[in-house]
Amino acid sequence: MRNGKAGGDLPIKAMTGGRQVRVELTKFKVKANKSHKVDEWMKYIEENMDDALLTLEGEKMYVETIFREQEGNHEYLYWYSVQESDMEDDEDLKINQQLVDFFDECIDKTFQPLDLDASVVMMPKRIRNAMFNSGQEDDYEEPVD
């Protein structure tokens, strides 16, 4: 979930088989009295996981995680993702329209989404290989200090 900022692109091209990868964490504020709708949205995702995963494939998204935080009387959602920088949106999928509807109804547009900057990305070689190289060994070597 990016709102125009490119700060999530990290120089991890060597680790990813030449792909430019974006790692993001964005904080959104939930509108007052909409926690029940967030519950419904999370349940909808769980019940439609096949469609959600299909959407991730189309967007070249390797990982997407949604966290919830209750701070006083306010609720926040944090979207964490790892995806290729040249991702695509598949607007034809029903779940994408559901996400747009959810944001319109539940996300407080008066709160500027907060994009947290990733300073370091740590990923074991076996995970990189599984994600970016179809399980094949790569020639990336860990940097030596």
Side-chain angles (χ1 to χ4, degrees), residues 1-138 140 142:
M1 308 297 311
R2 206 64 173 170
N3 56 2
K5 227 177 131 185
D9 289 339
L10 294 174
I12 59 173
K13 235 175 159 177
M15 291 186 351
T16 61
R19 294 176 182 87
Q20 189 67 20
V21 175
R22 184 182 307 162
V23 178
E24 301 174 330
L25 178 59
T26 305
K27 179 180 182 179
F28 297 93
K29 184 177 180 184
V30 176
K31 291 177 183 176
N33 303 314
K34 291 296 181 177
S35 288
H36 68 285
K37 287 293 187 180
V38 174
D39 294 338
E40 289 175 14
W41 173 245
M42 296 304 150
K43 185 176 180 188
Y44 177 82
I45 292 172
E46 289 174 6
E47 291 173 350
N48 294 277
M49 188 57 71
D50 289 344
D51 287 343
L53 295 175
L54 185 62
T55 299
L56 296 185
E57 289 286 336
E59 294 175 345
K60 299 179 183 177
M61 180 94 57
Y62 297 105
V63 177
E64 184 173 46
T65 307
I66 303 167
F67 295 88
R68 292 174 81 168
E69 175 189 35
Q70 189 70 41
E71 187 178 296
N73 293 329
H74 304 288
E75 182 173 9
Y76 299 91
L77 298 178
Y78 293 79
W79 248 267
Y80 169 80
S81 65
V82 178
Q83 68 188 108
E84 288 189 30
S85 292
D86 64 340
M87 83 284 188
E88 302 166 8
D89 286 329
D90 191 348
E91 311 233 343
D92 294 334
L93 292 175
K94 179 182 175 192
I95 199 162
N96 282 346
Q97 184 57 51
Q98 296 287 342
L99 177 61
V100 170
D101 294 345
F102 168 77
F103 262 71
D104 287 343
E105 181 175 358
C106 298
I107 300 302
D108 184 347
K109 292 176 183 59
T110 66
F111 176 84
Q112 177 66 38
L114 177 62
D115 292 319
L116 294 112
D117 291 324
S119 297
V120 176
V121 174
M122 296 172 278
M123 191 179 304
K125 188 173 184 177
R126 66 184 172 78
I127 303 301
R128 288 193 314 268
N129 287 338
M131 289 174 67
F132 306 115
N133 300 325
S134 301
Q136 302 299 311
E137 288 295 318
D138 64 1
Y140 174 76
E142 299 294 333

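When a residue number appears, it is its place in the shown sequence, counting from 1.
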Working note: Leu56 + Tyr62, criterion side-chain contact (heavy atoms from CB on, under 4.5 Å); need CA distance, chi angles, decisive distance, verdict. CA-CA 7 Å; Leu56 296 185; Tyr62 297 105; over 6 Å; no
Determine whether Tyr76 and Phe111 satisfy the following criterion, ring-ring contact (aromatic ring centres under 6.0 Å, His included), listing intermediate values before the conclusion. CA-CA 10 Å; Tyr76 299 91; Phe111 176 84; 5.6 Å; yes
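With hydrogens and angles ignored, the 3.5 Å screen pairs a side-chain donor or acceptor of Gln70 with a backbone N or O of His74. Listed for the Lys31 side chain is a donor-acceptor partner under 3.5 Å among the backbone atoms of Asp104.
To the nearest 0.5 Å, atom OG1 of residue Thr26 and atom CD1 of residue Ile66 are 11.5 Å apart. With rounding to the nearest 0.5 Å, the separation of CG in Leu114 from OH in Tyr78 is 7.5 Å. Rounding to the nearest 0.5 Å places OG1 of Thr65 at 10.0 Å from CG of Leu25. Taken from CZ in Arg22 to CE in Met61, the straight-line distance is 9.0 Å, to the nearest 0.5 Å. Here Trp41 contributes atom CH2 and His36 contributes atom NE2; the two are 15.0 Å apart, rounded to the nearest 0.5 Å. To the nearest 0.5 Å, the span separating CE on Met122 from CD1 on Ile127 amounts to 14.0 Å.
Taking the six-membered ring for Trp and thresholds of 30 and 60 degrees, Phe28 and Trp79 have ring planes more than 60 degrees apart, a perpendicular arrangement.
Between Val23 and Tyr80 the shortest side-chain heavy-atom distance falls below 4.5 Å. Inter-residue side-chain proximity for Leu99 and Thr55 is flagged as unmet; no heavy-atom pair is nearer than 4.5 Å. Looking at heavy atoms from C-beta onward, Gln83 lies in side-chain contact with Glu24 at the 4.5 angstrom threshold. Put simply, the side chain of Asp101 does not reach to within 4.5 Å of the side chain of Glu105, judged on heavy atoms.
In this structure, Glu40 pairs ionically with Lys37, as a charged nitrogen and a carboxylate oxygen lie closer than 4.0 Å.
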